[in-house]
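Written below as structure tokens is the structure these notes are about.
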Amino acid sequence: MQELKIFHEAIQNPGSVALKMKEKKRKTIGYLCSYAPEELIYAAGFHPMRLFSSKAEINLAESHLQAYCCSLVRGILEDSLSGKLDYLDGTVFPHTCDSIQRLSDIWRIKTKYEFFADVIMPAKLNTQSAKNYMRDVLIKFTTDLEKACGEKITRSALKKSIAKFNLIKTNLKKLYELRSQNPGILKGADIHAIVKGSMIMDRDQLVELLPAIVSKVSDVSALDQGKRLVLSGSICDSPDIYDIIEQAGGVVVGDDLCTGQRWFDGKIPENEEPMEALTTRYFERIVCPAKHSSTIARGENIVKLAKQTEADGVIFIILKFCDPHGFDYPYMKEFLDKEGIKNILIEIDDHSLNSGQLSTRLETFMHMI
Amino acid sequence: MNDKLVEKEKQKITSAKKMRDIMTTYYIDAMSAKENNKLVAWITSGGPVEPLIAMDIIPVYPENHGAMIGSSKMGEDLCMKAEDMGYSNDLCSYARTDISCAIVKGGPIGGLPEPDMLICCNNICGTVLKWYEIQARFFNVPLFIFDTPVCHTEFSPEIAKYVRTQIDEYIAFLEKVTKKSFDHDKMAEVGKISYQGQLLWQKVLNTTANRPSPMTAFDAFFFLALIVTLRGTMIAVDFYKELLLEMKERIKNGISIVPNEKYRLLWDNLPIWYQLKWLSSKFSDHDACLVADTYTSAWCSSLKYIDENDFLNSIAEGYTRIYLNIGVDQMADQVIEMIKFYNIDGFVMHSNRSCKPYSFGQLDIKRIVESKANIPVLMIEADMTDPRAFSQSQVETRIDAFMEIINQGK
Ligand code: SF4
Ligand code: SF4
């Protein structure tokens, strides 16, 4: 498919996307986690771009972050220090985990992009005062952005931005639904490129491309099926993993990833006061494990997701040294076990993927389910 | 007794025994809470304990328990038990030991008394949020989260408002769980006592600015237990008064803790609980005294924000702007202040794989200290309770080399 090429190119070279955006007079602001309010960044006239590690060997970051820090955080710092991110005009750090918290400090002290902001979201998302605080934080961030762009973010600009992101996210959702009904319409690696690309590419281009892809794949009739799998974890940024899963006889039919459904689920109501609607969406979305909504929210969610997608099994993909996901894994596993849903844990490191071992484990898992 | 032994006896800090007795009584009280119709709350070390004391609820600190487990060298076994339950060995070892201990009732005191409620303040880390969720599921008791957003560069008005509101929510939570109404007069009194205790603790720590130092950071790690667990009670106040007197006595009589104190060092991060004795004599053999640390001072470092006469209103800032909840550059500033105040010759940093918020950023602090304070810095790789992350021979070689550098620089 012609359209897919653009996505694959963009994720391989985010810098070239940023340069093109510069020609369009949009400066690029990188962000670190799915709690970053992209809608605001875009409404301020900037181009929001989620940062991923280029997975380059760690050299410079070694003298800032110890080896027991997750490869995502170390990798992104490495990219910045080695100049790979020089195309950025700024960065936004929503408060997530302890590692990103400290990365933000080191970044603020060491790097020299034009714009820098911490968006210190609440950690608990189940009280009115936390919601009020969330709104305050978003308003503060709006002011920061306004200072940077020299203009007010108007209500209508924000409304338009919200509509745009809604369109992008609903199309991704549709794509996931189509895939769940008919796995094999797209390769896992292609879907990965589409989702990742949607956090990197020009949003004006995405609103054209995504509906086109959705309508194309809607016409594809049943393809080969495999064991239906749901992925759960932080990010799964290795296309190879998708290939390995497919070779082992599996198809991914849904995910609970922060670079997946956790990010794009949940539409922002367009007929409400935009700031209020934005607050509600970030407050009520499916939580990331670094946040608290209830003690069982994520356990219930993974069971629901597995059932909805009629999954045969769940693969937990956790980055080594990731605390929030590491703490949630045993109980989420317990919730799945209770329902008789088979699951497996794979711990990955962004920098070294042991594909041989991984395929053996996954093949065994596929036989079991 | 030969002269050496007499000399050694004189050097011992006599308050240590009293402190042990107080802690024993405290744990016995906590263990028998049920029989005495008292409620038990588990609370994080940096959490606002004063309202609990005002409500006559017994606070119990899993982190202090973790330290006890570490000191009694039971950490490895309990960590491994948690790993068998599916918890990665990369997670904080306090959390790991506590999670498995709740199930197997192991450790030096056979596990902690079961909680009636959990109070989790995330001013120290995000780990406690996950850890307390786990215990809330396990014990099936109410959990209150006191959310203190990190102050990378400032204590913003938004944060101030949010945290202040939570103090009222906290009180409402306690009223609901205990089915009793909150006594504000009692609270005001507890607030004053807490303030006084923290002030005394600060004074005790300050005595080590004297040359030679009357105690070491290793002693501070031990004496810390009271300001953590009994903050807001007269027991802590009375004890620290005595301890302060003893320190002043020692200074007056020229009694040093390290016989020939030549070098003064500053420690960073949690103690390595299972190696305290060895580390202490190792440094002492080099005539070096660890006079201060960034850890024990965390329980009085935000005193400047607290108003003893307006306790509840001021602790929002006091509990939010603690050492671990501020930016790395501000942490470095505090370290440099300590280096000046205590006249420090070298800085020893424990890179603690359990504690990410404390350890990430250390390498930057190290460089800032090296350039601004111009003293050598040593980094030791370890973990506070899990001995598997510690290599004695490697650390020994590095300490020897470090002391050599300090010696040459003198
Ligand atoms: S993978 Fe885990 S530790 Fe790493 S940035 Fe994400 S949440 Fe934080
Ligand atoms: S050691 Fe660090 S990570 Fe563990 S509970 Fe304490 S502050 Fe949190």
Side-chain angles (χ1 to χ4, degrees), chain A residues 62-70 73 93 95-106 108-110 118 120-124 126-130 132-137 139-140 289-292 294-296 299 318 320-331 333-334 345 347, chain B residues 82 85-88 90-92 95 99 120 122 125-127 129-134 136-137 143 145-153 156-159 161-163 165-166 168-169 326-332 351 353-364 366-368 379 381 389:
Chain A
E62 195 78 59
S63 54
H64 296 275
L65 289 165
Q66 291 92 323
Y68 49 90
C69 174
C70 85
V73 164
F93 285 80
H95 186 261
T96 311
C97 62
D98 294 338
S99 308
I100 291 201
Q101 174 180 321
R102 288 303 178 218
L103 177 65
S104 146
D105 283 335
I106 296 168
R108 177 170 49 79
I109 299 166
K110 282 307 285 186
D118 283 308
I120 312 163
M121 299 266 182
K124 64 172 172 186
N126 58 355
T127 64
Q128 186 57 44
S129 64
N132 295 344
Y133 173 67
M134 167 92 83
R135 186 187 307 107
D136 287 348
V137 168
I139 292 170
K140 186 188 167 107
K291 307 239 173 273
H292 171 89
S294 84
T295 52
I296 51 168
I318 298 184
K320 183 149 178 65
F321 302 117
C322 171
D323 290 347
H325 286 278
F327 276 116
D328 265 0
Y329 160 70
Y331 109 87
K333 172 180 171 49
E334 199 185 302
L345 167 70
E347 200 180 48
Chain B
M85 292 160 63
Y87 293 98
S88 157
D90 298 321
L91 299 169
C92 166
I99 291 165
C120 169
N122 59 359
C125 63
T127 283
L129 186 72
K130 304 311 296 173
W131 172 3
Y132 277 59
E133 282 178 352
I134 291 165
R137 282 192 296 267
L143 163 66
I145 294 166
F146 193 78
D147 186 13
T148 46
V150 52
C151 303
H152 286 288
T153 55
S156 68
E158 296 81 24
I159 296 179
K161 190 172 104 195
Y162 175 41
V163 181
T165 315
Q166 290 178 77
D168 297 332
E169 291 168 357
I326 54 178
V328 162
D329 34 0
Q330 292 177 47
M331 291 165 83
S351 166
R353 69 195 301 288
S354 258
C355 189
K356 297 184 170 91
Y358 217 146
S359 303
F360 298 161
Q362 268 181 328
L363 288 158
D364 288 83
K366 176 175 187 279
R367 268 186 304 272
I368 299 174
M379 193 156 294
E381 302 282 336

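As the structure is a prediction and not an experimental result, all values here were calculated from the model. Residue numbers begin at 1 in each chain, while the letters A, B, ... track the order of the sequences.
The part of B:S156 that comes within reach of chain A is its side chain, from C-beta onward, which places non-hydrogen atoms under 4.5 angstrom from that chain. Heavy-atom distances place both the backbone and the side chain of A:H292 under 4.5 Å from chain B. Proximity to chain B (any heavy atom under 4.5 Å) is restricted, for A:I109, to the side chain, taken from C-beta onward. Using a 4.5 Å cut-off between heavy atoms, B:L143 contacts chain A through its side chain alone, with no backbone atom that close. Neither the backbone nor the side chain of A:A67 comes within less than 4.5 Å of any heavy atom of chain B. Looking at A:C69, the atoms closer than 4.5 Å to chain B (heavy atoms on both sides) sit in the backbone and in the side chain alike. Residue contact with chain A, scored on non-hydrogen atoms closer than 4.5 Å, involves the side chain of B:N122 exclusively. Using a 4.5 Å cut-off between heavy atoms, A:F321 touches chain B through backbone and side chain atoms alike. For chain B, the nearby part of A:K140 is the side chain; its heavy atoms alone come within less than 4.5 Å. Neither the backbone nor the side chain of B:I368 comes within contact range of chain A, judged by heavy atoms closer than 4.5 Å. With a threshold of 4.5 angstrom between heavy atoms, B:I145 approaches chain A through its backbone and through its side chain.
Using a 4.5 Å heavy-atom threshold, the side chains of A:Q128 and A:N132 count as touching. Contact check for B:L91 versus A:D323: side-chain heavy atoms found under the 4.5 Å cut-off. For the pair B:D329 and A:R108, the minimum side-chain heavy-atom distance is below 4.5 Å. A heavy-atom distance below 4.5 Å is found between the side chains of A:E347 and B:D90. Within the 4.5 Å cutoff, the side chain of A:D98 has no heavy atoms near those of the B:F360 side chain. Side-chain contact check for A:K333 versus A:L345: every heavy-atom pair is 4.5 Å or farther apart. Side-chain contact between B:S351 and A:Y68 is present, with at least one heavy-atom pair separated by less than 4.5 Å. In this structure, B:H152 and A:Q101 have side chains that are in contact, with non-hydrogen atoms separated by less than 4.5 Å.
Listed options A:H95, A:K320, A:M121, A:K110 were ranked by heavy-atom pairs under 4.5 angstrom with chain B; first place goes to A:K320. Residue with the most contacts toward chain B among A:C322, A:S294, A:S104, A:A290: A:S104 (heavy-atom pairs, distance under 4.5 Å). Options B:K161, B:M379, B:E169, B:E133 differ in how many heavy-atom pairs under 4.5 Å they form with chain A, and the most are formed by B:E133. Top candidate by heavy-atom pairs under 4.5 Å with chain A, chosen from B:D364, B:T165, B:T127, is B:D364.
Below 30°, between 30° and 60°, or above 60°: for A:Y133 and B:Y162 the angle between ring planes is below 30°, a parallel geometry.
With rounding to the nearest 0.5 Å, the separation of CG in A:D328 from CD1 in B:I134 is 7.5 Å.
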